[in-house]
Amino acid sequence: MKKSLILMFAFALLTFQACGDDGSSMTVNSGSSTCNESEKTDASCTCNEDTGEWEDCESKTVKCNKSEKPEASCTCNEKTGKWENCGSKSKKCDESAKTDESCTCNKDTGEWENCGGENAKCNESEKTDESCTCNEDTGEWDCGSEQPKTCNESEKTDESCTCDEETGSWNCDSDQPKTCDESEKTDESCTCNEDTGEWNCDSDQPKTCDESKKTDESCTCNEDTGEWENCGSEPPVVLEGCADPANEGKSCNNGESHSCATAVCQGGNCVSVAVKDGRVCRKSAGACDVEEKCDGSSLDCPADKKQAKGFVCRASSGGCDAEEKCDGSSDKCPSDEFDSSCKCPTGSGAKSGVVTKISKNSFVLKDSNTWEKYQKAIDALGLKKYAVSELDFNRSMDSMGSKGWVGFKKGWFWNKGDREVSYWVPQGLAGCKHNDVVIRMVGWHYTDDKKVRISVVNTTDTSKTLKYRHALLVEPDDEKGFKHIQNHAGGLAIDWPYLYEAHTSKGVRVFDLRMFLKVDTSSDCDKRLGKYGSKYCGEGYAYVLPQVGGYYFPSGLHSSCRPKFSFIGLENVNGKKSILSGEYVKYTSSNSAIDGRLVRWPLGDDGKMATDANRIVKSSAAWYAGSPNLQGGVTYTKGSKTYFLLNSTRNSGTLYVGAEGSKTKAYTNWGIMPEGIYLTASDNVWVSTEGNGSLARSIYYAGISSFIK
C-alpha cells in the first residue's frame, strides 16, 4: 500500500500543470533539482531535490530584497528570502504621479484614485505664468483670466470707476455708453447720443404748418410732423378785406402772426383776437420744462417757464435708487443716479451649506435701450438672417458611454479638435425648442476673454450622433459692421426668442435667436471680423449672432450692489420665468467661500426682463449660496418647496442640492469641472463640463429624481 502511494505521488508530479505570469501553462520537471549554492545561508543547510530549495538551515530568517518586491501584496518567505503570494492582479501606483495625500492606489489598474481635497499638488512644469495659483481641489493651475486681476490705480480716471477683474481694466461711467431717458424723447426722429446721454432730434421745437396748405378752418396743426390734420372738405376762405358787412366774424388775413391769436373781420377791419381754447403753444422740452398754453387774453404764448428748483422729476424706484430733482433752470431731469453710499449684503449671515435669504431691495439692472439702435445696424448690413433651428450643423459629437456619475443617463464629448483646443474653454449651457428642433447651447470664452463663441447642438434625437455648429457672438458697430464680445461667457439662459449671456462685471447681454447672420468664409476672412471690402467676415466662422440689447448696472450703484454674473440659468418658479445669477467665490485655506450671492431677475411675457417706467429691473429675491466654487445654478420646484441645484468645481465636480434654509446635500461624483446647468420640462438635468486631462470636455444629462425624491 505504501509503495502504491509513492507511485501515485510520482505520477502526480509528472502531470501537474501550473499557470505562468503571461497566462500560459507550464509543466513542472519531475526529475531531481539542484539547489543554488549562492543562496545557501549556512553549512547546516540541506538541499531538497524535489523543490531545489535549501532546508534545515540554522538561520531561522532570511530577509527579502525590498527593491525586488514586484507587488504590494507580496509576502516574504523568511526561510528562503523569496517573495511569495504575489497577486497577479495587484499593481503598484507610481509615487511620482500621486497628486496629494488623499489619493488611494487602485491595485487592479495601478492608477491613483479619489484624489482631490484640500492638499492637491500642482505640477510646477505646467505653470504658464506667475499669475497662476494652484487649485487645491483638482491639482491644476488656475491662470490668466480665471483669476481676478487688479487694476492700476494710476489709470483710474474718477471715483465712478470700478475694476473689471476679468481684464484688469477700469469700467468708468465716462467710459460706458450712456442711456437716454425715454420720457425726454420728443419724436421718433430722435437718436440717443451715448457719449452725453442726450437725444439728438431733427428738431426739439414744435414744427409749424404751412398756412398755404390749410384747406379750411377746421384744420389743426400737428406740431410733431408740421402737417395739418382733421381738415374738412371745404376750400380755404381767406378774405382780403372786411368792408362787406356780410363778412363780419369771418377769418381774414391781416399779415400778422401770433401763436395764440386768429384774425377775423370786426367792424370792417381784419383784427387779431386771442383764442379761448387753451391750446398748447409751447411743448415741454423735458421733465423740468413746463408746457405753456394760450391764456385766452394774450395774443402770444406766455413766457417759457421751468419747474421750480427741487421739483421731483424722477421718483426713486426703491432700494438704493435716489430721486432726481429739477435745478430750476434746466429743461431736462438730471441723469438717473443711485445713492453711492447705499450698500448691499456682502457676507454677514452666510451659513455653510445653507442657501440663506438676504435683502433683494438694492440689486438692480437697467435696460441699455439699444434695441432700436442695434436692430437698425443689423438690418443695414443686408445679410440674410437665420433662426437657430435653420442652421446647418457641421460637426459631430462622440458618445461618452456609461459613467458612474449620480443619475447619469447619457453624454457626449465634443469632437477631437474641440476637446483638445487650449485657447477656447466651454462654460455656460442653455436649451430651447424651435420648429420641433431641440437645441442645447454652450458658450466658450477665448484666452484672456478676447472673444466669445457658442456651440449650437441639435439634440432632437439623442439616439443618433449629435451634430453641432459654432457661431461667434458679436456686437453691432457702425464703422466695422460688428466687433467681438469680450467677456468670460460664464453663463447662458434662453427665454425665446432671446439668448442671455453673462457679462461678469456688467450684467447680461441679449441676443435674438432668429438673427444668426451668414457671413463670408473665404480665405480672406479667416482672420478678419466685420466689414472687409464688400464682404462681412466672421474669422472663418460661417455664422455670427449680433447683440440686440443688454441689462447693465446703473451708474452710481455702490460696488457691493454689483453682484458678479459668474453664471446664469433660466428658472420657472410657479409659472413665472426668471433668470438666476450667481457669483463664483474660490475656496482657499483662509476663505470658506460661502458668501457668493444668488440673485433672481424677473422676465416679462415677451422674453425680455421686466422693467419699470425708468427701465429699471428690480431683483425679486436674493440669497447667499452657502457653497464654494460655484459655476452654474438653477432651481426646481416640487410641491411647496423650491430646490437649488448648484454646480461646483469643488473636489473636481460637486452638485449641491437643497431648499432655502435647509442643509444642502453634496453629490461629489458629478462630472469633471461642471459648468452650466439646465433643467428640462421632462425633469432631466443637462450639464456642460470644462473637463481636464483625465476626462475630456462634454455635455451630459441626468435624472433629477436621483437628487430630489
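Take Asp478 and apply the side-chain contact (heavy atoms from CB on, under 4.5 Å) test, not counting sequence neighbours, and it matches Ala377. With sequence neighbours left out, the side-chain hydrogen bond (donor to acceptor under 3.5 Å, both in side chains) criterion links Thr346 to no other residue. Every residue two or more places apart in sequence or in another chain was checked for a side-chain contact (heavy atoms from CB on, under 4.5 Å) with Ser422, and none qualifies. In terms of the side-chain contact (heavy atoms from CB on, under 4.5 Å) criterion, residue partners of Ile672 (sequence neighbours excluded) are, by chain and number, Trp405, Asn692, Leu695. With sequence neighbours excluded, no residue satisfies salt bridge (Lys or Arg N to Asp or Glu O under 4.0 Å) with Asp606. Residues that satisfy the side-chain hydrogen bond (donor to acceptor under 3.5 Å, both in side chains) test with Asp379, not counting sequence neighbours, are Gln375, Lys385. Among residues two or more places apart in sequence or in another chain, the side-chain hydrogen bond (donor to acceptor under 3.5 Å, both in side chains) test is passed with Ser330 by Asp327. Annotation: side-chain contact (heavy atoms from CB on, under 4.5 Å) contacts of Lys450 (sequence neighbours excluded): Tyr446, Asp448. For the disulfide bond (SG atoms under 2.5 Å apart) test, no residue two or more places apart in sequence or in another chain qualifies with Cys432.
We find the OH-CZ distance between Tyr700 and Arg440 to be 14.5 Å, quoted to the nearest 0.5 Å. Note that the CG atom of Leu383 and the CG atom of Asp520 stand 10.0 Å from one another [nearest 0.5 Å]. Interatomic distance, CZ of Arg600 versus CG of Leu580, reported as 7.0 Å (0.5 Å rounding). To the nearest 0.5 Å, atom CG of residue Leu545 and atom CG of residue Leu513 are 6.5 Å apart. In this structure, CG on Leu466 lies 9.0 Å from OG on Ser396, to the nearest 0.5 angstrom. Separating the CG atom in Leu646 from the CD1 atom in Ile677 is a distance of 8.0 Å, to the nearest 0.5 Å.
What you find for Leu529 and Lys483 is that their closest heavy atoms are CD2-C, 3.7 Å. A pairwise comparison of heavy atoms in Ser566 and Tyr584 identifies OG-N, 3.0 Å as the closest pair. Here the shortest heavy-atom pairing between Pro674 and Val687 reads CB-CG1, 3.9 Å. What you find for Tyr386 and Lys518 is that their closest heavy atoms are CE1-CB, 3.6 Å. Closest approach of Phe413 and Ser698 over heavy atoms only: CD2-CB, 3.9 Å. Across every non-hydrogen atom of Pro602 and Val617, the tightest pair is CD-CG1, 4.3 Å.
Residues Ser335 and Ser555 fail the side-chain proximity criterion, which asks for heavy atoms closer than 4.5 Å. Counting only heavy atoms from C-beta outward, the side chains of Gln547 and Phe482 never approach each other to under 4.5 Å. Within the 4.5 Å cutoff, the side chain of Trp601 has heavy atoms near those of the Ser619 side chain. In this structure, Tyr543 and Val519 have side chains that are not in contact, with every pair of non-hydrogen atoms separated by 4.5 Å or more. Annotation: side chain of Glu390 is not in contact with side chain of Val437 (no heavy-atom distance under 4.5 Å). At least one side-chain heavy atom of Pro563 sits less than 4.5 Å from a side-chain heavy atom of Phe553. At least one side-chain heavy atom of Pro546 sits less than 4.5 Å from a side-chain heavy atom of Leu517. Taking 4.5 Å as the limit, some side-chain heavy atom of Phe338 sits within range of a side-chain heavy atom of Ile616.
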Requested in this report: Any chance you could lay out the side-chain contact (heavy atoms from CB on, under 4.5 Å) test for Phe511 and Ile454, step after step, and finish with the verdict?
Outcome: CA-CA 12 Å; Phe511 304 80; Ile454 54 171; over 6 Å; no
Requested in this report: Apply side-chain contact (heavy atoms from CB on, under 4.5 Å) to the pair Gln486 and Asp449, showing each step before the final yes or no.
Outcome: CA-CA 6 Å; Gln486 296 184 323; Asp449 299 340; 5.7 Å; no
Query raised in the report: Hey, mind stepping through Leu655 and Asn647 against side-chain contact (heavy atoms from CB on, under 4.5 Å) and telling me if it holds?
Result: CA-CA 5 Å; Leu655 178 69; Asn647 270 350; 3.7 Å; yes
Query - Glu690 vs Val425, side-chain contact (heavy atoms from CB on, under 4.5 Å): CA-CA, chis, key distance, verdict - result: CA-CA 7 Å; Glu690 187 173 328; Val425 182; 3.6 Å; yes
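Judged by distance alone, the side chain of Ser688 and the main-chain N or O of Ile699 form no donor-acceptor pair under 3.5 Å. A side-chain donor-acceptor contact under 3.5 Å links Ser316 to the backbone of Asp321.
The stretch residues 528-547 participates, sequence neighbours left out, in these salt bridge (charged side-chain N to carboxylate O under 4.0 Å, His left out) pairs: Lys451-Glu539, Asp524-Lys535. Each side chain to side chain donor-acceptor pair (under 3.5 Å) pair with one or both residues in residues 489-498, not counting sequence neighbours, appears once here: Asp495-Lys577. For residues 465-553, every residue pair satisfying the disulfide bond (SG atoms under 2.5 Å apart) rule, not counting sequence neighbours, is listed here: Cys525-Cys537.
Ring geometry for Trp412 versus Trp686: interplanar angle under 30°, hence parallel rather than tilted (30 to 60°).
At a threshold of 4.0 Å, the pair Lys608-Asp367 does not count as salt-bridged, since none of the basic side-chain nitrogens sits closer than that to a carboxylate oxygen. Under a 4.0 Å N-O distance rule, the pair Asp418/Arg453 qualifies as a salt bridge.
Cysteine sulfur proximity is satisfied for Cys344 and Cys561, their SG distance being under 2.5 angstrom.
Trp623 has its ring centre less than 6.0 Å from the ring centre of Phe644.
For the ring pair (Phe, Tyr, Trp, His ring centres under 6.0 Å) with Trp444, the qualifying choice from Trp414, Trp424, Tyr541 is Trp414, the only one to do so. Checked options Ile568, Leu492, Ile494; the residue passing with Tyr500 is Ile568 (criterion: side chain to side chain contact (heavy atoms under 4.5 Å, CB included)). In summary, of the residues considered (Lys506, Arg509, Met609, Arg615), a side chain to side chain contact (heavy atoms under 4.5 Å, CB included) with Tyr551 occurs for Met609 alone.
Within a 6.0 Å radius of CG in Asp436, other residues, nucleotides and ligands contribute 12 heavy atoms or fewer. Counting heavy-atom neighbours within 6.0 Å of Asn394 CG, excluding the residue itself, gives a total above 12. Atom NZ of Lys480 has 12 or fewer neighbouring heavy atoms from other residues, nucleotides or ligands inside a 6.0 Å radius.
Side-chain contact, Ser578 with Glu571: a donor N or O sits under 3.5 Å from an acceptor N or O. Between Ser455 and His470, the side chains place a donor N or O and an acceptor N or O closer than 3.5 Å (distance only, hydrogens not considered).
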